[in-house]
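Quick notes on the structure that follows.
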There are 2 protein chains.
Amino acid sequence: MTRKKRANGVESRQRILDATVEIAGERGYEGTSIAAVSAKCGLPASSIYWHFKDKDDLIAAVIERSFETWLAAVELPGEETGTPLERVTAMATNVAKSLVDAPDFLRLGLMLALERRPTEPRGRTVFLQVRDIATQKITEVAGTVFPDLDEDAVRTLTTYAVAGADGLFVHREIHGDAVDLVAMFELHAQLVCDAAGRMASRSKR
Amino acid sequence: MTRKKRANGVESRQRILDATVEIAGERGYEGTSIAAVSAKCGLPASSIYWHFKDKDDLIAAVIERSFETWLAAVELPGEETGTPLERVTAMATNVAKSLVDAPDFLRLGLMLALERRPTEPRGRTVFLQVRDIATQKITEVAGTVFPDLDEDAVRTLTTYAVAGADGLFVHREIHGDAVDLVAMFELHAQLVCDAAGRMASRSKR
DNA sequence: ACATTGCTGTAGTGTTTACTCCAGTTGGAA
DNA sequence: TTCCAACTGGAGTAAACACTACAGCAATGT
């Protein structure tokens, strides 16, 4: 067995993925041509096909890697201390920062998610899966932060929280760096907490 | 001058646009091939090029028409009566219904908006323009519904309202018809009003 | 009757696409 | 030294791509 996989190989793989994430973020799924990726990373097409089965496989790998990058950027909030508002705001701030630092995952993912082609690309499936997992985690956190809420309310709250995050992200993608994503996410956190309060008081009655 | 423009012409144009909106909504900008549009609408490529200058022109026309369709579906709320919450909710409900009935505009527009290619397609420009106009109208309405707010607050509120709408729309596009968009928009309207109240009380102090 | 206009049908153009074949090259294991 | 596995390079293929040239036809204005 080889203990080192030959240094050049993994580096080339990274270079290919780097080039692909850039081009796919610019031009979408169909617009990402192997020739363009090859030109950008400096490796011939045959190398790309040595590392990846086909174009679909390449894009799925890009989604996976950019998800990991984003996950690392999120750095889940420390411990469960403070008021619900403080905790939710801390979480929102973290997510906002991570989306500024590592926007590729959500941008590419949303592009793929909005497409509805007959034969779904694997990249889309992967995105929806990891997104589902992330959503579930948020649901869990919401359940502990707002213990008064019933399951349905928690789900609704999570849906709204995620949708708001998506929308604010899109807003920043459209309007550029001038948008203060962290500030908007703080407002969002506040409103989500309002909603939680409203839901709790309703279910008590 | 001809009083009738030759019936077949306008009908063909519509058929081409219908086919294009369907394919573009499935496969994005690059994925929309003239051959596929031609096959779907039953007209040869030369007819498409007689009606439209090139592919870019075609997609821009699709955006324009789907915007008009959507605008017609929105049917702006009647008159300025009721509490702010009632008025905002009525508006949100209208928008939600229109997005269910005519989702093409926003779906296609968001797909184009998320792409950032070096030479921007005209369709993207058109989308961002009409979106800007729509946003401005919402800003005006917000200004009259919440007269206590200063300009900055109204802008922030509008941004948040639009972003929430985008995000909830994306959520429905991903999770399908099971999502009750109207209900989510009602919640959204409520939270936006909360935010307005919070902002007003802060500026008074 | 005749030319004009609006549109369709056929048959292309050259370029780009995803993907393949296979002959190198190179570093490490035996 | 020999050998193999891990890659790279270049050359190539068939299909799909956006787009064009142009002939033909049916209705209309004169």
Side-chain angles (χ1 to χ4, degrees), chain A residues 1-21 23-24 26-62 112 115 117-124, chain B residues 1-21 23-24 26-62 112 115 117-124:
Chain A
M1 288 294 137
T2 56
R3 66 186 73 232
K4 265 187 207 168
K5 301 188 73 173
R6 188 87 170 279
N8 222 3
V10 293
E11 200 216 294
S12 292
R13 196 173 199 273
Q14 297 304 317
R15 272 169 58 196
I16 293 169
L17 289 175
D18 287 342
T20 307
V21 81
I23 292 171
E26 276 176 7
R27 318 173 77 96
Y29 181 88
E30 298 269 0
T32 304
S33 78
I34 303 295
V37 172
S38 166
K40 175 144 281 179
C41 71
L43 274 84
S46 56
S47 289
I48 298 175
Y49 281 98
W50 193 91
H51 287 282
F52 304 95
K53 181 174 152 286
D54 55 18
K55 183 174 156 174
D56 216 50
D57 192 39
L58 211 205
I59 269 119
V62 162
L112 289 177
E115 297 185 2
R117 66 187 71 197
T119 64
E120 166 164 326
R122 250 192 66 213
R124 195 184 121 112
Chain B
M1 287 295 137
T2 58
R3 67 185 70 232
K4 265 187 207 167
K5 302 190 71 176
R6 188 84 170 282
N8 224 2
V10 291
E11 199 215 294
S12 290
R13 197 174 199 273
Q14 297 305 317
R15 272 168 58 195
I16 293 169
L17 289 174
D18 288 342
T20 308
V21 81
I23 291 172
E26 275 177 8
R27 318 173 74 96
Y29 181 88
E30 299 267 2
T32 304
S33 78
I34 302 296
V37 172
S38 167
K40 175 145 280 179
C41 72
L43 280 103
S46 57
S47 289
I48 298 175
Y49 281 97
W50 191 89
H51 286 283
F52 305 95
K53 181 173 151 287
D54 55 17
K55 182 174 156 174
D56 216 50
D57 193 38
L58 211 206
I59 268 119
V62 162
L112 290 176
E115 297 186 1
R117 66 187 74 200
T119 64
E120 167 164 326
R122 249 191 67 213
R124 195 184 121 111

Output the rounded distance in Å from [atom1] ([X]) to [atom2] ([N]).
| X | N | atom1 | atom2 | result |
| --- | --- | --- | --- | --- |
| A:W50 | C:dC22 | CH2 | P | 19 Å |
| B:I16 | C:dC7 | CD1 | P | 10 Å |
| A:Q14 | D:dC7 | CD | P | 13 Å |
| A:D57 | C:dT20 | CG | P | 12 Å |
| B:L43 | C:dT10 | CG | P | 12 Å |
| B:F52 | C:dC7 | CZ | P | 12 Å |
| A:I48 | D:dG9 | CD1 | P | 12 Å |
| A:R13 | D:dA6 | CZ | P | 14 Å |

query = If an axis is fit to five pairs at each end of the helix from C:dA1-D:dT30 to C:dA30-D:dT1, what is the angle between the two, to the nearest 10°?
reply = 0°
query = Shortest non-hydrogen contact from A:T20 to A:I16?
reply =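 So the minimum-distance heavy-atom pair works out to OG1-O, 2.7 Å.
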ask   = Where the side chain of B:S12 is concerned, which of C:dC7, D:dT8, C:dT10 is the nearest nucleotide?
value =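 Among C:dC7, D:dT8, C:dT10, the one nearest the side chain of B:S12 is C:dC7.
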inquiry  = What's the separation between atom CD in A:Q14 and atom CG in A:L17, rounded to the nearest 0.5 Å?
reply    =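 Separation between the atoms: 5.5 Å.
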request  = Go through the structure and list residues passing side-chain contact (heavy atoms from CB on, under 4.5 Å) with A:E120, not counting sequence neighbours.
outcome  = A:R124, A:T125
Partner set under side-chain contact (heavy atoms from CB on, under 4.5 Å) for A:K40, not counting sequence neighbours =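 Per chain and number, A:K40 pairs via side-chain contact (heavy atoms from CB on, under 4.5 Å) with A:A19, A:E22, A:I23.
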Pairing residues for [X] by the side chain to side chain donor-acceptor pair (under 3.5 Å) criterion, not counting sequence neighbours:
| X | value |
| --- | --- |
| A:R15 | none |
| B:D54 | none |
| A:R13 | none |

message = Pair A:I59, A:R122 - check side chain to side chain contact (heavy atoms under 4.5 Å, CB included), show working.
response = CA-CA 8 Å; A:I59 269 119; A:R122 250 192 66 213; over 6 Å; no
Taking only distance into account, with no hydrogens and no angle test, what donor-acceptor pairs under 3.5 Å do side-chain atoms of residues 28-38 of chain A form with protein atoms, sequence neighbours excluded?
from	atom 1	to	atom 2	distance (Å)
A:Y29	OH	A:D56	OD1	2.4
A:E30	OE2	A:R117	NH1	2.5
A:T32	OG1	A:G28	O	2.6
A:S33	OG	A:A36	N	3.0
A:S38	OG	A:L43	O	2.6

request  = Ignoring backbone atoms, test whether B:H51 places a side-chain nitrogen or oxygen under 4.0 Å from the OP1 or OP2 oxygen of C:dT8.
outcome  =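 Result: yes.
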request  = Mark up nucleotides 15-22 of chain D, 5' to 3', with B wherever a protein heavy atom is under 4.0 angstrom from a base atom, S wherever such an atom reaches only the sugar-phosphate, and - elsewhere.
outcome  = --SSBBB-
